[in-house]
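In this text the structure is predicted, and so the values were computed from the model without any measurement.
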Amino acid sequence: MVKEPFDFDEVINRRAVPALKVHPMVLGADGMDLFAAGVADMDFRAPRPVQDAITARAVHGVFGYETVPDELLPALLGWLRNRHDWAVDPDHILRAPNVLNALAMAANLFTDPGDGIIIQPPVFFDFEDIIAENDRRLVVNPLVLSNGRYEMDFANLEASAAKPDVKMMFLCNPHNPVGRVWTKTELARLGAICRKHGVVVVSDEIHGDITFSGHRYTPFASISEADALNSLTCLSPAKSFNIAACCSAFTVVPDAARRAAFKAENSRLTVNKNNAFASAAMQAAYLEGGPWLDAVNAYIEGNLALVRDRLADSPEVTLIEPEGTFLLWLDFNGLGFDPANLTDFLRSKAGWAITRGLAFGPSGAGFGRLNIACPRTHLDRAMDSLITALKTHRKTTP
């Protein structure tokens with residue numbers, strides 16, 4: 001069999017469509033020439049089978065109401081079983097417009113206004129927004145950075161979960177932005193604490209397919225039957241196959257009572273409609289996207305190696321070694337800037353537009369999140385600009 005070539009070095013004009021990553025609402029009116037590496041999507045074309053499936057569906061020409069294709073759910077189940085050794089009951093899977101929608105619905109269904117929801121900062125900023133916008137209370141269980149690696153603070157988690165008005169935890173598995181791929185042992189310990197105190201775990205696992213050599217994603221609900229029954233898992237192929245603009249999501253809800261509540265809420269909010277192009281894209285991705293995903297993971301790991309090598313002689317910036325995702329968490333505290341000045345330095349001196357660390361919580365101050373899912377030539381040029389800016393900073397700093 002001839003191996004299909006994947007050209008991740010191809011430079012594609014993202015501005016040919018209204019891509020958020022390169023839009024003025026993200027870069028600012030004065031930032032259109034910056035290295036755009038903030039928004040968490042890839043600069044690569046989706047797998048060819050996905051493109052072909054969307055094209056074939058468009059050629060059909062009739063876009064009336066549709067049900068979910070018969071092949072989509074088996075494709076998802078096969079993917080979870082074959083890729084992640086996770087056997088999921090098809091009756092436990094519900095559709096959702098997107099992962100964030102599922103998180104918000106879970107918060108509203110299974111907690112009351114004023115109840116506490118645990119997060120583990122520095123973590124994806126929309127977690128905090130969902131909690132605030134739905135009148136729930138933020139409870140922080142900060143991750144601990146120890147010897148260059150983030151770990152869970154289980155003593156703090158136990159104390160937080162034990163409070164009677166704390167009812168839920170938003171877990172990020174793998175973790176955005178610090179790049180941890182939580183081990184089975186870590187997840188089992190977290191699960192035991194949450195079950196002990198009646199805290200339901202809502203796990204965002206959208207980055208589960210993107211892991212680096214030596215690390216394996218473990219679905220939280222696969223730890224044990226007890227953990228599965230105390231959890232909701234939010235899944236989507238959006239990150240894995242770079243189809244965020246044309247896909248939806250799935251929520252795995254093993255507990256029958258919670259699943260019935262979720263179904264009723266889906267109906268009440270009328271969010272259970274189907275998009276023909278999303279169905280075509282997701283089905284093709286799960287059935288035929290495996291080789292592309294393997295290749296893109298290898299390419300991203302090569303980009304990681306490039307960043308690691310280029311930062312070797314720049315002690316002011318520390319790479320927090322990731323275990324998964326295509327997002328790097330960089331520690332710029334060695335530069336001595338406050339968050340506002342750090343952003344200004346990266347934009348005006350290095351030409352970088354990345355996500356400021358403070359967006360992920362106070363513990364993110366002095367950090368930044370860099371998206372490396374881009375052509376290597378772009379990343380290499382961006383690293384040139386950063387290193388030049390660092391050298392100039394050294395010369396001008398007493």
Side-chain angles (χ1 to χ4, degrees), residues 4 6 40-42 44-54 56-57 67-99 102 171-174 176 181-182 184 187 203-213 215-223 228 231-254 259 274-301 323-326 373:
E4 181 179 356
F6 303 104
D41 65 12
M42 303 183 192
F44 312 133
R45 296 188 193 277
R48 173 56 63 184
V50 171
Q51 297 179 53
D52 291 344
I54 293 173
R57 184 62 193 83
T67 62
V68 175
D70 292 340
E71 298 84 359
L72 176 55
L73 187 56
L76 170 62
L77 293 170
W79 182 268
L80 296 175
R81 181 178 60 252
N82 297 329
R83 281 266 165 174
H84 306 303
D85 196 26
W86 184 21
V88 178
D89 187 327
D91 291 335
H92 294 175
I93 298 178
L94 305 177
R95 286 179 293 148
N98 54 63
V99 164
L171 173 66
C172 199
N173 174 42
N176 169 16
V181 177
W182 303 116
K184 186 173 182 178
L187 293 174
S203 190
D204 174 356
E205 304 193 353
I206 197 169
H207 290 279
D209 289 320
I210 304 169
T211 58
F212 297 137
S213 300
H215 301 281
R216 181 180 177 84
Y217 151 68
T218 301
F220 177 78
S222 71
I223 297 297
S231 70
L232 296 87
T233 303
C234 304
L235 303 169
S236 172
K239 306 295 183 184
S240 308
F241 302 102
N242 202 30
I243 53 174
C246 59
C247 75
S248 56
F250 304 93
T251 310
V252 183
V253 191
R259 190 165 62 253
N274 186 52
N275 182 291
F277 292 99
S279 294
M282 293 190 295
Q283 181 174 301
Y286 285 133
L287 287 177
E288 303 179 75
W292 184 94
L293 180 67
D294 293 337
V296 84
N297 279 347
Y299 189 89
I300 291 167
E301 193 158 1
E323 299 168 352
T325 85
F326 50 77

With a 4.5 Å cut-off on side-chain heavy atoms, are [Y] and [X] touching?
X	Y	answer
F6	R45	no
S203	L232	no
C246	I54	yes
I206	L235	no
W182	T218	no

Locate the shortest heavy-atom distance separating [X] from [Y]; write the atom from each residue and the value.
X	Y	answer
F212	G324	CD1-N, 3.6 Å
R57	A280	CB-CB, 4.4 Å
T233	A221	OG1-CB, 3.8 Å
S240	L293	O-CD1, 3.4 Å
Q51	A46	NE2-O, 2.8 Å
T325	P174	CG2-CB, 4.2 Å

Could you measure the distance from the [atom1] atom of [X] to the [atom2] atom of [Y]? Nearest 0.5 Å is fine.
X	Y	atom1	atom2	value
R95	L73	CZ	CG	10.5 Å
I243	S236	CD1	OG	7.0 Å
K184	L187	NZ	CG	10.0 Å
F326	M42	CZ	CE	5.0 Å

Go through the structure and list residues passing side chain to side chain donor-acceptor pair (under 3.5 Å) with [X], not counting sequence neighbours.
X	answer
D52	none
T67	none
E71	none
R259	none

Counterpart residues, ring-ring contact (aromatic ring centres under 6.0 Å, His included), relative to Y217 (two or more places apart):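 With neighbours one apart ignored, the set is H84.
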Partners of F44 by ring-ring contact (aromatic ring centres under 6.0 Å, His included), sequence neighbours excluded?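 Applying ring-ring contact (aromatic ring centres under 6.0 Å, His included) to F44 gives F8, Y299.
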Kindly state each residue pair satisfying salt bridge (charged side-chain N to carboxylate O under 4.0 Å, His left out) with at least one member in [range], sequence neighbours excluded.
range	result
residues 204-213	none
residues 74-83	R83-D294
residues 233-247	none

Can you name the side chain to side chain contact (heavy atoms under 4.5 Å, CB included) partners of V88, sequence neighbours left out?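 By the side chain to side chain contact (heavy atoms under 4.5 Å, CB included) rule, V88 matches L77, L80, W86, I93, V252.
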With sequence neighbours excluded, residues passing side chain to side chain contact (heavy atoms under 4.5 Å, CB included) with D91: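 Side chain to side chain contact (heavy atoms under 4.5 Å, CB included) list for D91, sorted by chain: D89.
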Enumerate the side chain to side chain donor-acceptor pair (under 3.5 Å) contacts for residues 241-251, please, sequence neighbours excluded, ordered by first and then second residue.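 Qualifying pairs: none.
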Using only atom types and a distance under 3.5 Å, with no angle test, would you say the side chain of E301 pairs donor to acceptor with the backbone of S213?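 Yes: the side chain of E301 pairs with the backbone of S213.
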Go through the side-chain N and O atoms of E323 and T211 and say whether any donor and acceptor fall under 3.5 Å apart.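 No donor-acceptor contact under 3.5 Å links the two side chains.
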Side chains of S279 and N274 only: does a donor on one sit below 3.5 Å from an acceptor on the other?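 Per modelled atom types, S279 and N274 side chains form a pair under 3.5 Å.
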Could you walk me through whether D70 and Q283 pass the side-chain contact (heavy atoms from CB on, under 4.5 Å) test, one step at a time? CA-CA 10 Å; D70 292 340; Q283 181 174 301; over 6 Å; no
Between Y286 and F241, what is the ring plane arrangement, given parallel below 30°, perpendicular above 60°, and tilted in between?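 Ring orientation of Y286 relative to F241: perpendicular.
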